[in-house]
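Letters go in sequence order (proteins before strands), and every chain restarts at 1.
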Protein chains: 2
Amino acid sequence: MKTVDQHMTTPKFAQIKQFIVDNIRSSAWLENQRVPSENELAEQFSVSRMTARRALSELTEAGILTRSQGLGTFVASFKSQSSLLEIKNIADEVKARNGNYSCTVLVLESISAVAPIAIALGVEVDSVVFRSVLVHNENEQPLQVEERFVNPALAQSYLQQDFTALTPHEYLSSVAPLTEARHTVEAIMPNSEMCQWLNLYHEEPCLQVIRRTWSSAGIVSFARLVSPGSKYRLGGHLTFKKQH
Amino acid sequence: MKTVDQHMTTPKFAQIKQFIVDNIRSSAWLENQRVPSENELAEQFSVSRMTARRALSELTEAGILTRSQGLGTFVASFKSQSSLLEIKNIADEVKARNGNYSCTVLVLESISAVAPIAIALGVEVDSVVFRSVLVHNENEQPLQVEERFVNPALAQSYLQQDFTALTPHEYLSSVAPLTEARHTVEAIMPNSEMCQWLNLYHEEPCLQVIRRTWSSAGIVSFARLVSPGSKYRLGGHLTFKKQH
DNA sequence: CAAGCTATCTTGTATATACAAGATAAATGT
DNA sequence: ACATTTATCTTGTATATACAAGATAGCTTG
């Protein structure tokens with residue numbers, strides 16, 4: 001027979017969090033409904049107000065409750081829960097499913113920036129910028145093309161790197177710590193060059209992620225990640241997770 | 001002349017958070033580097049350990065620091081910072097850019113579930129499920145088609161709703177509080193029916209978001225959101241935001 | 001020399017206390 | 001009857017204190 005050793009109890013604040021989450025999950029407490037105050041919880045659970053407060057604060061931080069001074073604490077409306085998608089590192093993603101990851105460097109050059117690229121990088125038109133085109137492969141099949149334009153002022157030795165060993169993102173993170181990133185996701189039709197790179201025989205729609213990254217010194221780089229719609233998707237997962 | 005009333009000072013814990021974030025942003029403290037301990041911060045800022053602790057704890061929760069008992073607190077590695085995309089409510093999104101939002105109900109019926117739909121909803125094959133097809137319009141132009149399959153056990157009166165007033169997502173949230181949601185994003189080529197719905201004259205790639213939502217009682221619904229690649233994109237924004 | 005112990009640092013949990021500040025309802029005064 | 005004040009409840013900030021528990025360096029002992 002297995003008995004739980006109650007020496008290692010779950011912390012009190014975690015028990016209170018669990019109690020609250022259970023009540024919300026079971027619909028005993030509905031959206032926008034008021035939950036017990038700090039003092040009420042403290043009395044119910046025989047803990048100090050600060051401990052009850054911790055449970056409420058952490059659930060508020062997690063977006064499950066909302067609080068307002070003088071009024072009380074309420075079950076957050078689901079609408080306010082934003083649905084998030086994660087953009088993972090593609091090398092890690094391939095390795096996570098036991099695929100064989102490899103990377104081919106197609107282009108590594110310095111070019112003269114035409115207007116849209118210069119604007120996206122925040123440099124002057126016709127100034128020199130670095131450009132790389134890599135193909136990320138899973139089991140020797142192209143999975144994603146990464147075309148990247150880099151601000152040379154912030155990564156002088158970009159062209160000397162071996163990107164089969166260290167991804168551009170990892171290299172850039174090390175030389176110019178990132179402070180901000182913006183993404184947009186679109187569905188596009190690849191042009192013929194992209195079809196070649198992705199080894200596509202017939203045209204098919206592709207997912208395109210545009211990623212711009214900032215460091216404290218300015219815009220570092222501007223990447224275009226293109227994957228065939230039949231091979232790649234972005235996944236997201238949102239859950240009222242069990243409070244540990 | 002306008003003078004800042006220093007009666008309303010920013011809280012001490014927020015100042016400490018700002019101090020830490022500034023050091024990370026300016027690269028004074030690098031990835032995985034150790035940051036001052038609770039006691040050191042408490043002394044530097046002349047606050048109690050609990051106040052310093054609050055700053056460290058909240059930054060840890062935000063993913064900017066990592067802590068381990070007995071060792072110390074460290075600057076989180078950027079790699080662990082996941083890049084997130086937000087899937088917003090399309091009605092809100094249209095209204096946010098001052099567009100005229102409207103919704104057309106194309107289909108509202110009960111059907112017999114074929115295998116893939118039955119599996120996705122967790123019901124038996126050939127059992128009755130509800131299906132709705134709506135078009136979300138911006139300025140009278142189709143922006144997104146929402147095809148949704150609903151588990152009738154968890155939303156009996158789904159077919160009686162007026163979805164031009166309340167979106168299916170809002171209705172379902174109210175009758176079966178959601179506990180979990182999963183999304184995948186793909187690039188697809190629309191079939192002819194979808195082209196009609198989206199009023200597309202020539203074929204173009206589309207973004208397709210598949211969303212499955214759970215409540216505590218089981219899978220509630222299964223939605224397919226399709227938008228033309230030329231009109232719709234998902235946006236994401238990740239930042240080491242200024243600590244309030 | 002090596003194993004084990006100890007001192008000391010770290011974070012983690014928990015309490016009691018104090019005062020500030022927002023919100024609301026009841027009591028009060030005109 | 002209406003406006004103002006007051007009391008009371010709420011959350012927010014901050015401190016001082018206590019002990020638990022993980023990690024590590026250095027000391028002690030066999």
Could you give the [atom1]-to-[atom2] distance, from [X] to [N], as a whole number of Å?
{"X": "N39(B)", "N": "dT17(D)", "atom1": "CG", "atom2": "C1'", "answer": "13 Å"}
{"X": "F45(A)", "N": "dT15(C)", "atom1": "CZ", "atom2": "P", "answer": "12 Å"}
{"X": "R53(A)", "N": "dA14(C)", "atom1": "CZ", "atom2": "P", "answer": "16 Å"}
{"X": "K12(B)", "N": "dA20(C)", "atom1": "NZ", "atom2": "P", "answer": "13 Å"}
{"X": "M50(B)", "N": "dT15(D)", "atom1": "CE", "atom2": "P", "answer": "11 Å"}
{"X": "E38(B)", "N": "dA14(C)", "atom1": "CD", "atom2": "P", "answer": "15 Å"}
{"X": "L71(A)", "N": "dT11(D)", "atom1": "CG", "atom2": "P", "answer": "9 Å"}
{"X": "L41(A)", "N": "dC9(D)", "atom1": "CG", "atom2": "P", "answer": "17 Å"}

(message) Reading DNA chain C from 5' onward, which residue's closest nucleotide shows up sooner: A52(A) or E40(B)?
(response) E40(B)
(message) Does R49(B) contact dG12(C) through a side-chain donor or acceptor facing the base, at a distance under 3.5 Å?
(response)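 Between dG12(C) and R49(B), which were checked side chain against base, a qualifying N/O pair under 3.5 Å is present.
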(request) Return the 5'-most residue of the pair G72(A), S48(B) with respect to DNA chain D, ranking by each residue's nearest nucleotide. (result) G72(A)
(message) Does the plane of the ring in F222(A) sit parallel, tilted or perpendicular to the ring in F149(A)? Use 30° and 60° as the thresholds.
(response) tilted
(request) Would you please classify the geometry between the F130(B) ring and the Y158(B) ring as parallel, tilted or perpendicular, with 30° and 60° separating the classes? (result) parallel
Between [X] and [N], does any side-chain N or O lie under 4.0 Å from OP1 or OP2?
{"X": "T51(B)", "N": "dA14(D)", "answer": "no"}
{"X": "T73(B)", "N": "dT11(C)", "answer": "yes"}
{"X": "S37(B)", "N": "dT10(C)", "answer": "yes"}

(request) Kindly point out which of dT10(D), dT10(C), dT13(C) is positioned nearest to the side chain of R54(A)? (result) dT13(C)
(request) Compare the minimum distances between each of dT13(D), dA20(C), dG22(D) and the side chain of P11(B), then state the nucleotide with the smallest one. (result) dT13(D)
(request) Identify whether the distance between the nearest side-chain nitrogen and carboxylate oxygen of R67(A) and E38(A) falls below 4.0 Å. (result) yes
(message) Between the side chains of E58(B) and K17(B), is the shortest nitrogen-to-carboxylate-oxygen separation below 4.0 Å, so that they form an ion pair?
(response) yes
(message) Is the distance between the ring centroids of F74(B) and W29(B) under 6.0 Å?
(response)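 No, too far apart.
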